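Note that the structure is predicted; figures quoted are calculated from it, not measured.
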Amino acid sequence: MKDEYDFSTAERGKFFRKGARLMPPVYLEPEVLEYLCERASARGVSLSSLVNTLLKQQIELIDAGK
């Protein structure tokens with residue numbers, strides 16, 4: 001690492017995008033991932049689509065129990 005850095009030509013907020021949403025990675029346990037990959041393949045859908053469907057169903061169950 002340098003002792004000093006020159007920020008005289010730096011541009012504040014160069015990469016800032018108003019309203020941008022971060023898509024955090026989700027890490028599944030290996031056995032869960034394997035199971036879901038098999039189910040997605042059997043249904044002919046993507047893993048993301050299957051996981052989103054399952055999570056939406058769980059959200060509905062949680063909201064119904066409130």
Side-chain angles (χ1 to χ4, degrees):
M1 207 163 144
K2 295 181 182 178
D3 289 333
E4 291 185 20
Y5 289 88
D6 179 16
F7 292 105
S8 62
T9 60
E11 197 176 320
R12 182 177 290 275
K14 182 176 182 176
F15 298 103
F16 175 77
R17 300 294 179 261
K18 187 174 183 173
R21 294 183 66 186
L22 293 176
M23 300 300 278
V26 175
Y27 300 101
L28 303 173
E29 295 176 1
E31 58 275 2
V32 173
L33 179 59
E34 182 180 342
Y35 177 81
L36 292 175
C37 284
E38 289 173 4
R39 299 307 320 141
S41 179
R43 290 184 180 193
V45 297
S46 69
L47 176 61
S48 293
S49 177
L50 177 66
V51 170
N52 278 310
T53 300
L54 293 171
L55 289 173
K56 287 176 184 178
Q57 290 172 349
Q58 288 299 307
I59 290 169
E60 287 176 9
L61 289 173
I62 291 168
D63 287 345
K66 287 184 178 179

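Nearest heavy-atom pair across Met1 and Tyr5 is CG-OH, 3.1 Å.
Considering only heavy atoms from C-beta on, Gln57 comes within 4.5 Å of Thr53 through its side chain.
Atom CG of Leu33 is separated from atom CD of Glu38 by 10.0 Å, given to the nearest 0.5 angstrom. Summarising the geometry, atom CG belonging to Leu47 is positioned 9.5 Å from atom CG belonging to Asn52; distances are rounded to the nearest 0.5 Å. Here Gln58 contributes atom CD and Asp63 contributes atom CG; the two are 11.0 Å apart, rounded to the nearest 0.5 Å. Rounding to the nearest 0.5 Å gives a distance of 8.5 Å between CG of Leu50 and CZ of Arg39.
Here the side chain of Ser41 pairs no donor or acceptor atom with the backbone of Cys37 at under 3.5 angstrom.
Residue Val51 is tested with Val45, Leu36, Val32 for a side chain to side chain contact (heavy atoms under 4.5 Å, CB included); the sole match is Leu36.
Under the 4.5 Å side-chain contact rule for hydrophobic residues, Val26 and Leu54 share a cluster.
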